[in-house]
Amino acid sequence: MPNFNGSPGWDLVKHQVREALEEYSCFEASFDNVVELRNSVMVAESIEQGLTTTLWPQGNISFSKTLVSFTEVSLRLEKTIRRMILEIFGVHKYADELDDNTNYMLKLMKYNVPPNGEPTSGVFAHRDKNMVTLLYQNEIDGLQIENKDGEWMNVKPSPNSFIVMVGDSLNALLNGGVSPTCHHVLMKGNKARYGLGLFSGTVTGYHVKAPEELVNDKNPIMFEPFDYEEYLRFYFAQVPLGRAGSTLQDYCGV
Ligand SMILES: O=C(O)CCC(=O)C(=O)O
Ligand SMILES: [Fe+2]
C-alpha cells in the first residue's frame with residue numbers, strides 16, 4: 001500500500017491514492033503528527049480510560065489528551081483525503097457541501113486476548129457503511145483485508161500511520177467508483193489489541209447521491225439516494241438475521 005505523508009506534491013500523492021483505491025480500496029497514510037500518539041501504552045491506557053468514562057460517566061476521569069490529539073489529527077487528515085478522492089473523480093466542487101453535512105464517530109476498541117491461544121474473530125467480515133474510516137492501533141496486529149483474489153492479507157500499520165478505508169456511502173456518492181474493502185479482525189497471540197477508529201458519515205436528513213457529473217448513459221445511476229442513518233438501521237437489523245453480508249445493493253441498488 002502506498003504511503004500518504006502529506007509532504008510530497010499533492011498530485012503525486014493523489015496518483016498513489018488513485019492506484020491504491022483501484023487495487024485495494026484502502027491504504028496506509030503516515031502523518032508526522034501521529035508521532036504524539038506513538039506510545040502505544042498511552043493509546044491503550046487512553047482507551048481503557050475512555051471506556052471507563054463511558055461506563056461511569058460521573059467518574060472522575062478526564063478524557064485523555066491522547067484521544068483528543070488523535071481526533072484532531074485524524075479529522076484533518078480525513079477531510080484532506082476525502083477532498084483528494086473527490087478530486088480524483090472530478091467532483092471536488094461538492095467537497096464543501098459534503099464537509100458541511102459530515103458527522104464523525106470516534107470508536108474506542110479493545111480486543112481481548114483470545115482464549116486458549118486459539119485464533120478468534122474480533123470483528124466479523126464486513127464492509128464499512130460510512131464515507132471514510134481512519135484506523136489506528138497499538139502494536140498488536142489483527143486487521144486483515146480481502147484482496148481481489150479473495151485472500152486475506154495482514155495489515156501492519158507503522159506506529160505513525162493510519163489505515164484508511166472507504167465505505168459504502170462514498171461508493172454511492174461516486175456512483176460505484178470505489179469498492180469498499182471487505183475486512184475483519186482476527187485475534188492471535190497473548191496480548192490485547194487496542195484501536196481507535198474515526199468514521200465519517202453524512203448527517204441525518206442528508207441524501208447521499210451521485211452528482212450529475214458521474215451519471216450518464218454509459219454509467220447509469222447505481223443507487224437510489226439514501227439517508228446514512230436509515231441505511232445503518234437497515235444494516236443492523238440484518239445482523240441478527242445472519243445477513244450481515246447485505247450490501248448497499250440490497251438496500252437501494254437500482
Ligand atoms: O479494529 C480494527 O482495526 C477494525 C475495526 C473495524 O473494522 C470497524 O470497526 O469497522
Ligand atoms: Fe470496519
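Remember, it's 1-based here, ligands and their atoms both numbered in the order they're listed.
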**Request:** Using a cut-off of 2.8 Å, count how many protein N, O or S atoms are strictly closer to the Fe ion (ligand 2).
**Result:**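 If we list every protein N, O or S atom nearer than 2.8 Å to the Fe ion (ligand 2), we get 3.
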**Request:** List the atom of Arg193, the atom of Ile140, and the distance in Å for their closest heavy-atom pair.
**Result:** NE-O, 3.0 Å
**Item:** Test salt bridge (Lys or Arg N to Asp or Glu O under 4.0 Å) applied to Glu213 and Lys93, step by step
**Value:** CA-CA 11 Å; Glu213 289 85 344; Lys93 74 174 192 196; 2.9 Å; yes
Donor-acceptor pairs are to be reported for all side-chain atoms of residues 198-205 against protein atoms at under 3.5 Å, with residues two or more places apart or in another chain.
from   : atom 1 : to     : atom 2 : distance (Å)
Ser200 : OG     : Glu78  : OE2    : 2.6
Ser200 : OG     : Val132 : N      : 3.2
Ser200 : OG     : Val132 : O      : 3.3
Thr204 : OG1    : Glu229 : OE1    : 2.7

**Message:** Under 3.5 Å, is there a donor on one side chain and an acceptor on the other for Asn171 and Asp168?
**Reply:**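 No, no side-chain donor-acceptor contact under 3.5 Å.
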**Message:** I'd like to know if the side chain of Ser25 and the backbone of Glu23 have a donor-acceptor N/O pair within less than 3.5 Å.
**Reply:**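 The answer is no, because no donor-acceptor pair under 3.5 Å joins these two groups.
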**Asked** Going by heavy atoms in the side chains, are Met165 and Leu134 under 4.5 Å from each other?
**Response**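 The answer is no, as the side chains (C-beta and beyond) never meet within the 4.5 Å cut-off.
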**Item:** pair Lys156-Asp141: side-chain heavy atoms closer than 4.5 Å
**Value:**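 Answer yes - side chains close enough.
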**Prompt:** Can we call the ring centroids of Phe162 and Phe70 under 6.0 Å apart?
**Reply:**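 When the ring centroids of Phe162 and Phe70 are compared, they turn out to be within the sub-6.0 Å range.
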Pairs under 3.5 angstrom, nitrogen or oxygen on both sides, ligand 1 versus protein: list them out, please.
from     : atom 1 : to     : atom 2 : distance (Å)
ligand 1 : 1 (O)  : Tyr111 : OH     : 2.6
ligand 1 : 1 (O)  : Arg193 : NH1    : 2.9
ligand 1 : 3 (O)  : Arg193 : NH1    : 3.3
ligand 1 : 3 (O)  : Arg193 : NH2    : 2.9
ligand 1 : 7 (O)  : His126 : NE2    : 3.2
ligand 1 : 7 (O)  : His183 : NE2    : 2.9
ligand 1 : 9 (O)  : Lys107 : NZ     : 2.7
ligand 1 : 10 (O) : His126 : NE2    : 3.0
ligand 1 : 10 (O) : Asp128 : OD1    : 3.3

**Item:** Qualifying ring-ring contact (aromatic ring centres under 6.0 Å, His included) pairs, either residue in residues 163-183, two or more places apart
**Value:** His126-His183
